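In what follows, a single structure is set out as structure tokens and then discussed.
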Amino acid sequence: MPRSNEEISLAGDEMRISRAVAAEEDANHRPAATASAPPHPQAGGRRKASASIRAWLVVSDSGRSYLEEAGKHSIMRRTGLPARDLRVLDPQLSYPSTILGRERAIVINLEHIKAVITATEVLVPNSRDPLVIPFVQELPARVSSSHRVTQQDVAEFVDVSTDGAAKVMPNFQTQLGSPRHALDAYGNGSNKVLPFEFRALEFCLESACRLLESETLTLEQEAYPALDELTSKISTLNLERVRQIKSRLVAISGRVQKVRDELEHLLDDDMDMAEMYLSEKQARQRDIENVELEMVDARDEDAKTERESTAGGLSGFKLNIEELEMLLEAYFVQIDGTLNKLSTLREYVDDTEDYINIMLDEKQNQLLQMGVMLSTATLVITAGVVVVGIFGMNIIIDLFKVSTYHQFWETVGGTIGGCIMLYIFAIYWGKKSGLLQ
């Protein structure tokens, strides 16, 4: 049955009223939902982002240095490092000494030195650390391309013996850098400098080795007099000093051993050393990209052959690690010498402890001998007391019936003399049998 126009309009009015009521109820409930939501949901994200941003000291290959605020993800994109490698540089985490070679960067964590080295710049995260301030002050000059060791400079500090061998003078390292530079410059007779990443790596190794060497010398200067004083006078104060020195010795030995093991691991792995040739890899990668562009433009077989030869040159480059190997060997020898000094000091401490134990054993033996002698004297005196006890019994004997003043003293003297003779005989028998010295 068809509806009339009035029924249709009435139904439309009811639908509009129901929609209006639903919209009003929704508007009433919306503020409560908004109030229950956490205020400013972006504030926590901003705080988290600001917490991950830190100040990095950036030193370029030109010697220019500046501070830059950068987050972890920005550094990851900039250096190509994974987050796992950047955790090594986190000051809140304790990681042992580590040197990691990656595709585009080298991660350095040596004692107080923490840095990321690329082919063109060095990034230092903890540049405000008091221990790192001398390092960052000298770093721009040491990694700058203008810092080089020429043959004229080397002639002032290198002594050439009659057999033609070059020997570095003692004050060369403090004025021109590491001893390896001197011999290389003198032997090559050229002004060739190391790549940027190797100059930065060398200065990091030099700073770490210098710190460990300085701590070792300080420990030696304190340890040897303290140990000698302990051998001359055993006291609680001297024993406490030696205990603290031994604790420091164990801690420094562990740190030096870790740096030595890390250098030894690098020297044993040619692939890890090849990964550290960042400048060479970057240059060869540019060559390959240029060849690929030429292939796209030319589309001929000659460009393809050139690309294959360039790629073959890159694979052959990975085995040419002599330069880096010489650098690492120089500091391996230096850190090994520091470890030998600590080992010698440890042996001296062990010898002192053995000597102290021998002295204490001797004192203990003397106390035991004194105890034996006192026990023997007590036994002899007890024998005299037995005699006195016998005479003190309430019994009738002839000595009591007819006794004079002289007989009393004869009895007393005989008892004491017998005790003394018995004691002398006991001591003589103990020495003769080896029980007493």
Side-chain angles (χ1 to χ4, degrees), residues 94-98 109-113 129-135 167-174 178-179 204-265 267 328-373 434-437:
S94 177
Y95 279 91
S97 297
T98 307
N109 180 28
L110 294 174
E111 294 298 315
H112 61 296
I113 306 299
D129 191 339
L131 287 176
V132 186
I133 289 178
F135 170 77
K167 178 181 179 183
V168 181
M169 301 300 289
N171 58 345
F172 179 78
Q173 183 173 354
T174 58
S178 67
C204 293
L205 289 171
E206 180 184 334
S207 299
C209 292
R210 187 190 307 163
L211 174 67
L212 294 173
E213 180 72 19
S214 175
E215 293 186 7
T216 301
L217 291 176
T218 303
L219 183 61
E220 285 181 336
Q221 293 173 359
E222 297 178 7
Y224 286 113
L227 293 171
D228 293 338
E229 186 177 355
L230 179 62
T231 55
S232 61
K233 180 183 179 182
I234 301 176
S235 64
T236 305
L237 180 61
N238 291 336
L239 288 173
E240 178 63 21
R241 287 179 59 192
V242 172
R243 186 192 66 81
Q244 294 177 358
I245 288 173
K246 189 174 181 180
S247 300
R248 291 169 54 192
L249 174 62
V250 172
I252 296 176
S253 298
R255 292 159 53 195
V256 173
Q257 183 68 46
K258 189 62 185 74
V259 175
R260 182 188 179 278
D261 292 343
E262 188 65 25
L263 293 177
E264 186 177 14
H265 172 72
L267 289 170
L328 295 177
E329 282 179 352
Y331 289 97
F332 177 80
V333 171
Q334 183 176 352
I335 201 69
D336 191 57
T338 303
L339 186 61
N340 290 335
K341 290 181 180 180
L342 294 172
S343 300
T344 303
L345 181 57
R346 180 188 290 271
E347 292 177 359
Y348 193 81
V349 171
D350 294 339
D351 293 342
T352 303
E353 288 181 349
D354 295 339
Y355 179 72
I356 296 300
N357 291 331
I358 293 173
M359 292 178 62
L360 293 177
D361 292 341
E362 184 181 0
K363 294 293 183 182
Q364 186 177 5
N365 292 335
Q366 293 176 359
L367 292 175
L368 291 175
Q369 290 179 11
M370 183 178 293
V372 171
M373 295 174 66
L435 297 178
L436 299 175
Q437 294 180 358

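Note that the structure is predicted; figures quoted are calculated from it, not measured. In this chain, numbering begins with 1 at the start of the sequence shown.
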- prompt: To the nearest 0.5 Å, what is the distance between OG (Ser207) and CG (Leu131)?
  reply: 11.5 Å
query: Using 4.0 Å as the upper bound for N to carboxylate O, is an ion pair formed by Glu262 and Lys258?
result: yes
- line: Residues Ala208 and Leu110: closest non-hydrogen pair is CB-CB, 3.8 Å
task: Give a yes or no on whether the backbone of Glu229 and the side-chain of Ser232 come within a donor-acceptor separation of less than 3.5 Å.
output: yes
task: Test side chain to side chain contact (heavy atoms under 4.5 Å, CB included) on Tyr224 and Thr352 and set out the steps.
output: CA-CA 10 Å; Tyr224 286 113; Thr352 303; over 6 Å; no
- line: Rounding to 0.5 Å, atoms OG1 (Thr216) and CG (Leu342) come to a distance of 4.0 Å
query: Would you say Met359 has more than 12 foreign heavy atoms packed within less than 6.0 Å of its CE?
result: yes
task: May I have the step-by-step check of side chain to side chain contact (heavy atoms under 4.5 Å, CB included) for Thr218 and Glu222, ending in yes or no?
output: CA-CA 6 Å; Thr218 303; Glu222 297 178 7; 3.7 Å; yes
task: Report the distance from atom CD1 of Ile113 to atom CG of Leu211, rounding to the nearest 0.5 Å.
output: 8.0 Å
- prompt: Is a side-chain donor or acceptor of Asn357 paired with a backbone partner of Glu353 at a separation under 3.5 angstrom?
  reply: yes
- line: Here the gap from Glu215 atom CD to Ile252 atom CD1, rounded to the nearest 0.5 Å, amounts to 5.0 Å
- prompt: So, does Asn109 use its side chain to make a donor-acceptor pair with the main chain of Pro96 at under 3.5 Å?
  reply: yes
task: Let me see the working for Leu217 and Glu220 under side chain to side chain contact (heavy atoms under 4.5 Å, CB included), right down to the final yes or no.
output: CA-CA 5 Å; Leu217 291 176; Glu220 285 181 336; 3.7 Å; yes
- prompt: Among Val242, Asn238, Ile356, which residue meets the side-chain contact (heavy atoms from CB on, under 4.5 Å) test with Leu227?
  reply: Val242
task: Could you tell me whether Tyr355 atom OH has more than 12 heavy atoms of other residues or ligands within 6.0 Å of it?
output: no
message: Go through it in stages, so that I can follow the logic: the residues are Lys341 and Glu213, the test is side chain to side chain contact (heavy atoms under 4.5 Å, CB included), and I'd like the CA-CA distance, side-chain angles, deciding distance and then a yes or no.
response: CA-CA 9 Å; Lys341 290 181 180 180; Glu213 180 72 19; 2.6 Å; yes
- prompt: Is Arg243 salt-bridged to Glu240, going by a charged N under 4.0 Å from an acidic O?
  reply: yes
field: Side chain to side chain, Leu360 and Ile234, heavy atoms closer than 4.5 Å
entry: yes
query: If you measure only the distance, is there a donor-acceptor pair under 3.5 Å linking the side chains of Asn365 and Gln369?
result: no
Nearest-0.5 Å distance, CG of residue Leu368 to NZ of residue Lys363: 13.5 Å
Nearest-0.5 Å distance that lies between atom CD in Glu264 and atom CD1 in Ile335: 12.5 Å
- request: Of all the heavy-atom pairs spanning Ile245 and Ala226, show the shortest one and how long it is.
  value: CD1-CB, 3.7 Å
